[in-house]
Amino acid sequence: MRPPAAPAPADPPGPGPEPEPGWNVAPRRPLGDPYVFVATGPRRHEEWARDVLAVLRREVADPHGRPGLDADRTGPGRDAVPAYPFAPPPAERFPAYLRPLERAAAVGALAVMSEEWQFEPAPVRSRPDREAVLADARTLLDRYGPDAEYWTNAVAAGSGPAPDFVAAGLRGTASYTFLTGVYVNGLDLCDDLGLIAVSADEVGVFWSVGAC
């Protein structure tokens, strides 16, 4: 009898799954633990506040199917307040709530959203990974291109478009609130910091919410 044939050599291992694009993983690294809303929608109007409202109300999807952060999309709060945790002003009143930001300040605003409003033990300014957090913030904003405009509800931006959010920290930042005042399921919403990115074809919405 002939000896059994030797088994064929195994195929070399494949290259493995493609790494996720930076934008897909960046929201989860600094922003996955705090109470933060991240979503992008299409820009369909010259008056882009109408498009931001559509994002806050979950009426539109991300144009490129990229993931965001929205713990309340299916939460019970929306039974009482459809846009929960938001109760945004009508589009025509947005100018009273928002101030323009330079890109560097927008990066700082987004970076400090990785902090907690209450009892923050390690503000971004003192973290060993400070530059990594800022790099993730830049990656997120790169999506909207070099000509994007940035807006915030932070009171500090009322005196100029370049406040230093990293130096102030989240707890040092007051805002014109977009949150509902309705007390839902024992949760009181007490602080918020928002950043809106506006490009020719998209609006990005980033919102940090304080709750107790």
Side-chain angles (χ1 to χ4, degrees), residues 27 31 34-63 66 68-73 77-78 80-113 117 137 140-165 168 170 172-182 184 189-211:
L31 305 179
Y35 188 172
V36 179
F37 174 88
V38 177
T40 297
R43 182 178 178 184
R44 295 169 173 162
H45 304 91
E46 182 66 25
E47 297 177 354
W48 49 261
R50 297 167 62 185
D51 300 309
V52 173
L53 284 174
V55 172
L56 294 175
R57 294 168 179 163
R58 286 82 160 183
E59 294 171 349
V60 293
D62 187 295
R66 293 178 179 176
L69 296 172
D70 184 7
D72 290 303
R73 173 171 286 277
R78 297 193 66 204
V81 182
Y84 190 87
F86 305 105
E92 62 270 18
R93 290 179 55 200
F94 265 47
Y97 287 75
L98 297 176
R99 300 291 182 270
L101 282 183
E102 296 177 359
R103 178 183 163 84
V107 169
L110 191 52
V112 299
M113 290 185 194
W117 281 99
L140 288 168
L141 297 187
D142 281 347
R143 166 177 182 165
Y144 306 100
D147 298 323
E149 297 178 352
Y150 301 100
W151 301 82
T152 182
N153 66 329
V155 173
S159 58
D164 191 339
F165 289 101
L170 195 58
T173 300
S175 67
Y176 305 101
T177 186
F178 274 58
L179 300 178
T180 178
V182 177
V184 177
L189 307 178
C190 48
D191 300 287
D192 65 325
L193 172 62
L195 174 67
I196 295 169
V198 180
S199 73
D201 53 4
E202 291 184 324
V203 293
V205 181
F206 304 85
W207 227 271
S208 172
V209 179

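Hydrogens, waters and symmetry mates play no part in the numbers below; they use all other heavy atoms, side chains included. Nothing here was measured: the structure is a model prediction, and the numbers come from that model.
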Candidate pair L195 and L141, rule side-chain contact (heavy atoms from CB on, under 4.5 Å), full reasoning: CA-CA 10 Å; L195 174 67; L141 297 187; 4.1 Å; yes
Quick one, [X] and [Y] - any side-chain contact, counting heavy atoms below 4.5 Å?
{"X": "R99", "Y": "Y176", "value": "yes"}
{"X": "L101", "Y": "F165", "value": "yes"}
{"X": "P63", "Y": "D201", "value": "no"}
{"X": "N153", "Y": "D192", "value": "yes"}
{"X": "V60", "Y": "V55", "value": "yes"}

Ignoring hydrogens, what is the shortest heavy-atom contact between [X] and [Y]? Give both atom names and the distance.
{"X": "A162", "Y": "E102", "result": "CB-OE1, 3.7 Å"}
{"X": "T152", "Y": "A157", "result": "CG2-CB, 3.6 Å"}
{"X": "L193", "Y": "M113", "result": "O-CE, 3.4 Å"}
{"X": "P85", "Y": "D72", "result": "CD-OD2, 3.7 Å"}
{"X": "R78", "Y": "R57", "result": "NH2-O, 3.5 Å"}
{"X": "V198", "Y": "I196", "result": "CG2-CG2, 3.8 Å"}

Tell me whether the rings of F37 and F86 are parallel (<30°), tilted (30 to 60°) or perpendicular (>60°). perpendicular
Could you tell me how the ring of W207 sits relative to the ring of F178: parallel (under 30°), tilted (30 to 60°) or perpendicular (over 60°)? tilted
So does H45 get a backbone contact from the side chain of D51, meaning a donor-acceptor N/O pair under 3.5 Å?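 Yes, D51 side chain to H45 backbone: donor-acceptor pair under 3.5 Å.
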By the definition ring-ring contact (aromatic ring centres under 6.0 Å, His included), identify the one residue from F94, Y144, W48, Y97 that meets it with W151. W48
For atom [atom1] of [X], decide whether the heavy atoms of other residues, nucleotides or ligands shown that lie under 6.0 angstrom number more than 12.
{"X": "R50", "atom1": "CZ", "result": "no"}
{"X": "E59", "atom1": "CD", "result": "yes"}
{"X": "E46", "atom1": "CD", "result": "no"}

Going from CG on L140 to CZ on R66, what distance comes out if it is rounded to the nearest 0.5 angstrom?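 Atom-to-atom, L140:CG and R66:CZ are 10.0 Å apart.
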Short N-O contact, R143 and D62, less than 4.0 angstrom: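 Looking at R143 and D62, the cut-off is met.
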D70 and R58: side-chain contact (heavy atoms from CB on, under 4.5 Å), yes or no, with the steps? CA-CA 10 Å; D70 184 7; R58 286 82 160 183; 2.8 Å; yes
Applying side-chain contact (heavy atoms from CB on, under 4.5 Å), run through D191 and V209 and close with a yes or a no. CA-CA 6 Å; D191 300 287; V209 179; over 6 Å; no
